[in-house]
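The basis for the numbers below is simple: all heavy atoms, side chains too, and nothing from hydrogens, waters or symmetry mates. Below, chain A is the first sequence line, B the second, and so on; all start at residue 1.
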There are 2 protein chains.
Amino acid sequence: MAGETHRPERRADALTKERIVEAAVALLDAGGADGLTFRALAARLATGSGAIYWHIADKHALLAAATDHVIARALADRVASAPPREAIRALALAVFDAIDAHPWVGAQLSGDPWQYAVLCILAGIGAQVTALGVAERHRFNAATALLSFVLGLAGQYAVGSRLVGGDKDRAAFLRDVAARWAQLDPERHPFVRQVAARLAEHDDREQFLAGIDLILAGLERAH
Amino acid sequence: MAGETHRPERRADALTKERIVEAAVALLDAGGADGLTFRALAARLATGSGAIYWHIADKHALLAAATDHVIARALADRVASAPPREAIRALALAVFDAIDAHPWVGAQLSGDPWQYAVLCILAGIGAQVTALGVAERHRFNAATALLSFVLGLAGQYAVGSRLVGGDKDRAAFLRDVAARWAQLDPERHPFVRQVAARLAEHDDREQFLAGIDLILAGLERAH
DNA sequence: CATGCGTCTGGAACAATGTTCCATATGAGC
DNA sequence: GCTCATATGGAACATTGTTCCAGACGCATG
C-alpha cells in the first residue's frame, strides 16, 4: 500500500486515492453498482488495474471509500444549530437525499453497516438523541433503532432507483410493484392488496419522515 | 423453463426446483453467501449447471427462492391468535430467529426488499397493525416503518454473523468493533465512544425488541 | 414392438470480473 | 550520474454466472 514518505505529487498526472475515489463515484453514478469495474476504472483514469491496487486494498475498500466520500459531504452540508428533534429530521433527510442522488449508496450502506460512513451517521443521530434528553441507558437502543430504520429504508429505496433516469423510473417501478400487489390473493395477503394503491402514489420522502417521526414519538412517550 | 405437462417424477433421482432450493439452502448455511455457486450446487446434486438452469432462471431467482423457503417456514411456525401487539413482537422475533439460524437471509432480505419473502413479512405486520386499530390512512406508513426497521437490523445482524460458528464469533466480532469504537476521537464522535461498551455487551435480541417497542409506542401515541 | 418427439440432463465453452504478478518507469537523495 | 524505494501499466490467472448443444429418457402414436 501507499507509503507516506513523499507528500507532494511527483508527477502532474499522479494517481491518488482521492482521484480514484472520485472516478469510482462517477462510474457508480453513471452505471450503478455494476458500472464500477476495475477495467472501467482503469480506462477512465488512463492506467492499469495494477496501479489502482497500489492505492486501494480491494473492491470492498473502494466501495466503502466511495460511500464515505458521498456521506461525508452530505453530513457536512447540514446546519449545526437546531432543536434536537429538527436536527434528527434534517440529518435523516440529508442521508435520504444523498441516496436519492446516488442510489448505489443505499445498497452499500445497508449491505455493509459497519463501515465508517454508517458510524458517522450513528454519531450524528446519537448526539441529537443525547441532546433530546434521553436517559443514558436508553440512548444506545434509541440511536440504533433510528439507524436501523434509516438503513432499512436505504436499501428499499436503492433498489427501486437502480435504473438511471430519476423520478420517472422510480414512479414507474412503484406502479409496477403496486400492480402486482393489487393482483395478490385477497385471502392470503389482504393488507398488501389494500395498501397497493398507497404504494403507487406515495412520496418516498414523506414516508421516510413519517417513520422517523414515529420513532421519535415513541421516544418521547417512553423516556 | 419447466413445463407442467408431466406431473409425476419420471425418474427417481429427478431434479426438481424443491430439491435444488434445499441444496442451495444447505450450501448457504454451510458457507455463507459465497458458498453458493452453480458449480458447488451441481456437484452436490450430482449434475451439471445446465440442468439447474432448466429449473431456475438465474442466481437472483435462486437466492430469492432460498429466502422464501426459510422465511415461509419461520412465519408458519407462529401461533395465529394473540393480541396484536404481542403478535407483532412474535412475528418480528420469528424473522430475527430465522436470520440468526441462517445469517445469509438477513443480507438477502435487506439487499432485495421487493422479493416475495419480504412481501409476506409486510403482510403479517400489516394485518396486526390493522388489528391494533391504526387508522387506515396511517397503516401504510406504520407497517412500512416497522418493516424498514426489521430489514435494517437484518442487514446489520447478518454481516456480524457472516462467519460460521454461532455465538462465539458474533460476540468476538462485536468486541472487535467496540474496541475500535472506543479508540475513536472523542472530539469528533463522542457518542459512539460512549456507547462502545454497550455494543460489546448488548444482546441482539433485546436490542431488536426494544426497537420494535419504540415504534409501537410511537404508534400508540400518534393514533 | 419400433419410432418420433417433447422433456430433461450433463458438461463443455464463453464472457466478464477481481486479483496477482512482474517488468518497467519515475524522480528524490547521495 | 547512480541507486533504490516508490509508483505504474498491462498481461496473466482463477473463479464466477450464463449459454449452448449433443444426447438420454420415456410417453404417445403407428
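A straight line from CD1 of A:Ile52 to C1' of D:dT8 spans 11 Å, rounded to a whole angstrom. If you take NE2 of B:His55 and P of C:dC8, they are 7 Å apart, rounded to a whole angstrom. The nearest whole Å value for the distance from the CZ atom in A:Phe38 to the C1' atom in D:dC13 is 16 Å. The interatomic distance linking B:His60 (NE2) with D:dT18 (C1') rounds to 16 Å, in whole Å. Here D:dG17 presents its C1' atom at 14 Å from CD1 of B:Ile56, a figure rounded to the nearest Å. The separation between B:Arg19 atom CZ and C:dC8 atom P is 14 Å, rounded to whole Å. The interatomic distance linking B:Ile20 (CD1) with C:dC8 (C1') rounds to 11 Å, in whole Å. One atom, CG of B:Asp58, and another, P of C:dA16, lie 18 Å apart when rounded to the nearest Å.
Side-chain atoms of B:Thr47 lie closest to C:dT9 of the nucleotides C:dT17, D:dT8, C:dT9. Each of D:dT18, C:dT9, D:dT6 was ranked by its minimum atom distance to the side chain of A:Trp54; first place goes to D:dT6. The side chain of A:Thr37 has C:dT17 as its nearest neighbour among D:dT18, C:dT9, C:dT17. Here the side chain of B:Ser49 is nearest to one of C:dG18, D:dT19, C:dT9, namely D:dT19. Checking C:dT9, C:dG18, D:dG17 against every side-chain atom of A:Tyr53, the shortest atom distance belongs to C:dG18.
Remark: A:Gln207 engages A:His202, B:Thr144 in a side chain to side chain donor-acceptor pair (under 3.5 Å) (not counting sequence neighbours). Remark: B:Phe38 engages B:Tyr53 in a ring-ring contact (aromatic ring centres under 6.0 Å, His included) (not counting sequence neighbours).
Residue-to-nucleotide proximity on DNA chain C shows that, of A:Gly50 and A:Arg39, the 5′-proximal contact is made by A:Arg39. Mapped onto DNA chain D by nearest heavy atom, A:Leu45 and B:Ala51 fall at different nucleotides, with A:Leu45 at the one closer to the 5' end.
B:Ala46 comes within 4.0 angstrom of the backbone, heavy atoms only, and of no base. Counting any heavy atom pair closer than 4.0 Å across all strands shown, B:Leu36 reaches sugar-phosphate atoms only and no base atom.
For the pair B:Arg170/B:Leu174, a side-chain contact is recorded, criterion being any heavy-atom separation below 4.5 Å from C-beta on. At least one side-chain heavy atom of A:Leu151 sits under 4.5 Å from a side-chain heavy atom of A:Leu147.
Applying the side-chain contact (heavy atoms from CB on, under 4.5 Å) test between B:Thr67 and each of B:Val105, B:Leu62, B:Val118 identifies B:Val105 as the sole match.
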